Amino acid sequence: MYIMVINCGSSSLKFQLISFPEETVIAKGLIERIGQEDGAQFTLTAGGENFTKQPVDAPDHTKAVTAALEALTAGDCAVLKSKDEINAFGHRVVHGGEKFTHSVIIDDEVLECIEECSPLAPLHNPANLAGIYACQTALSDVPNVADFDTAFHQTIPKHAFYYAIPYEYYEKDHIRRYGFHSTSHKFVTEAFAEKNGKKVDEVSVVTCHIGNGSSLTAVENGKSVDTTMGFTPLAGVVMGTRCGDIDPAIVFYLMENENMTAKDVDVLLNKESGLLGFSGISSDMRDILEASENGNERAEISLKICAYSIAKYIGTYVALLPKTDAIIFTAGIGENSHEIRKMICGYLKGLGLSLDAEKNMTRGKACCVSDDNSSVPIWIIPTNEELAIARETRNELSE
Ligand code: AMP
């Protein structure tokens, strides 16, 4: 069985073709600059061949999906005899609001609900919908499944998802904590349970997805009970370009004193803050680590601000969970940076965490990196959001 995983941005289409039951990636590609004046570009790896940034006729998402399917069925990178070999599409959908607690097969009612959630994710949901419509147009008989970034967090209890603002704004504007990175938090929780021979509802963990975007989740007996991102992905820990938690009064102070509009502050806090904003160097952790090693003081402080913000939430979640079977690090920084893991754990001495210096050098492999003295085991589990979406898609179809 072949499942094509689709992740659409406003001007991009990322895809992977995954075969089951082997769970092998047959092809992966990216079409960027969709609809832009100077033309779209296609990067593809398939069948042992690859090409990088080739021009492609993709003025819209429908044409981009057509181009992807053509490349998979004809030419040097062909891996399928016909596009009819594809059994299903699995779509990443950013916002499912309060409506979706798990993945669903997409029908007209689901499409309407995704549309209704668009005001909550105005940049993402319309792009995700464009990808779904494009796949429906390209292969009308093939089922489409939606996997929501928000779904795993729908088990968060009321006292953790409401904000203490007048209740009418929850009723009217649906303002509450939603949380994101569902696919990743769920995937690493399940992988941890499997590796430890347990059922997922037997494990309680703190999952730390630390990448360009970052969030932590407290998982009790396999269910999300709290997470750091909130109404939007801006909340929580310090990220590549997002500020994470700040005093909300900073927003109106900036608007009044710097003469900024709401849009200006939005851009400042989402795109120009975090590691990039404070260091003034880059949003990429590797650049900050290098600059810090070379003696750049602001880079060094950026690392500390970021690690400290993560440590605070780990401490909080371990204190709130009745038991914690593991702290799990995942995503680009969480999986790869021994330095950041060391800094984070260094802030948590009172918790009795203890990394094994040698094991902490591990990269790209699921394993425990703490020593026997650690009060809570510390794990690295590489995330694989595409595989997770493909599995969810297969599961929905087999139900
Ligand atoms: P992601 O959003 O999960 O792709 O993660 C991207 C982030 O991971 C970027 O900030 C990268 O600099 C960071 N990253 C990737 N590899 C490493 C590494 N070996 N050491 C430190 N950071 C890394």
Side-chain angles (χ1 to χ4, degrees), residues 5 7 9 12 14-16 25 28-30 32 43 45 92 94 123-124 149 179-188 191 207-217 227-229 232-234 236-244 270-294 296 298-311 328-346 355 357-367 369 378-389:
V5 176
N7 183 354
S12 68
K14 249 198 256 172
F15 63 89
Q16 279 195 13
V25 178
K28 59 168 136 181
L30 168 68
E32 11 178 20
T43 300
T45 304
R92 174 177 181 226
V94 166
L123 297 179
H124 293 99
D149 257 18
F180 299 87
H181 290 142
S182 272
T183 313
S184 182
H185 291 296
K186 185 165 181 255
F187 180 85
V188 298
T207 51
C208 312
H209 178 109
I210 323 267
N212 192 33
S214 305
S215 68
L216 275 66
T217 296
T227 194
T228 56
M229 283 180 169
T232 74
L234 185 56
V237 302
V238 172
M239 310 178 214
T241 62
R242 298 187 197 124
C243 59
N270 270 297
K271 302 230 161 83
E272 297 167 2
S273 296
L275 290 175
L276 171 69
F278 191 84
S279 71
I281 296 168
S282 165
S283 63
D284 192 297
M285 183 56 92
R286 285 164 293 200
D287 297 338
I288 310 289
L289 283 163
E290 195 185 323
S292 170
E293 240 169 65
N294 292 334
N296 184 306
R298 256 178 42 212
E300 190 196 333
I301 301 174
S302 306
L303 297 176
K304 289 183 176 167
I305 296 174
C306 177
Y308 182 67
S309 76
I310 295 165
I328 302 171
F329 285 103
T330 194
I333 299 167
E335 288 166 28
N336 294 306
S337 177
H338 59 93
E339 300 97 329
I340 299 299
R341 287 192 298 266
K342 188 173 168 199
M343 283 178 77
I344 293 168
C345 295
L355 278 169
E358 205 176 305
K359 288 186 196 159
N360 188 40
M361 299 306 286
T362 311
R363 277 181 60 185
K365 193 175 103 200
C367 63
V369 294
I378 305 164
W379 278 66
I380 298 173
I381 298 190
T383 194
N384 188 336
E385 288 168 283
E386 289 78 13
L387 177 59
I389 294 171

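All of these numbers come straight from a predicted model, not from anything done at the bench. The analysis underlying the following values was restricted to heavy atoms, covering all of them including side chains, and did not include hydrogens, waters or symmetry mates. Note that ligands are numbered from 1 as they come in the structure, with each ligand's atoms numbered from 1 the same way.
Heavy-atom minimum distance, Met239 versus Pro233: CE-O, 3.2 Å. Scanning all heavy atoms of the two residues, the minimum distance from Ala299 to Ser279 falls at CA-CB, 4.4 Å. Shown here for Val188 and Pro382, the closest heavy-atom pair between the two residues is CG1-O, 4.4 Å.
In terms of protein heavy atoms, atom 10 (O) of ligand 1 is closest to Met285 N, 3.0 Å. Nearest protein heavy-atom neighbour of atom 6 (C) of ligand 1: Asn212 N, 3.7 Å. Nearest to atom 18 (C) of ligand 1 among the protein's heavy atoms is Asn336 CB, 3.5 Å.
A donor-acceptor distance shorter than 3.5 angstrom exists from the side chain of Arg298 to the backbone of Phe278, with no hydrogens or angles considered. Looking only at distances, a side-chain donor or acceptor of Arg341 sits under 3.5 Å from a matching main-chain atom of Glu335. Side-chain atoms of Asn336 never come within 3.5 Å of backbone atoms of Arg363 as a donor-acceptor pair (strictly under, hydrogens ignored).
Residue His209 places no heavy atom under 4.0 Å from ligand 1.
Residue Asp284 has at least one nitrogen or oxygen atom sitting less than 3.5 Å from a nitrogen or oxygen atom of ligand 1, judged on distance alone. For ligand 1, the polar-atom distance check against Ile210 finds no nitrogen or oxygen pair separated by under 3.5 Å.
Shown here, atom 4 (O) of ligand 1 is out of close reach of the protein: none of its heavy atoms lies under 4.0 Å off.
Checked by atom type, the side-chain pair Ser215/His185 shows a donor-acceptor distance below 3.5 Å.
Residue Gly211 approaches ligand 1 through these ligand atoms, each under 4.0 Å from one of its heavy atoms: 1 (P), 2 (O), 3 (O), 5 (O). Each of the following atoms of ligand 1 lies closer than 4.0 Å to a heavy atom of Leu289: 21 (C). The Arg363 neighbourhood of ligand 1 comprises atoms 19 (N), with distances under 4.0 Å to a heavy atom of that residue.
Of the candidates Ala331, Gly240, Gly332, it is Gly332 that places a heavy atom closest to atom 8 (O) of ligand 1. Taking only non-hydrogen atoms, the option from Ile333, Thr383, Leu275 nearest to atom 13 (C) of ligand 1 is Ile333. Across the listed options Glu339, His338, Met239, Arg286, Arg286 owns the non-hydrogen atom lying nearest to atom 23 (C) of ligand 1.
Applying the salt bridge (Lys or Arg N to Asp or Glu O under 4.0 Å) test to pairs two or more places apart or on separate chains, those with a residue in residues 273-291 are Asp284-Arg286.
Atom NZ of Lys359 sits in a crowded spot, with more than 12 heavy atoms from other residues, nucleotides or ligands closer than 6.0 Å.
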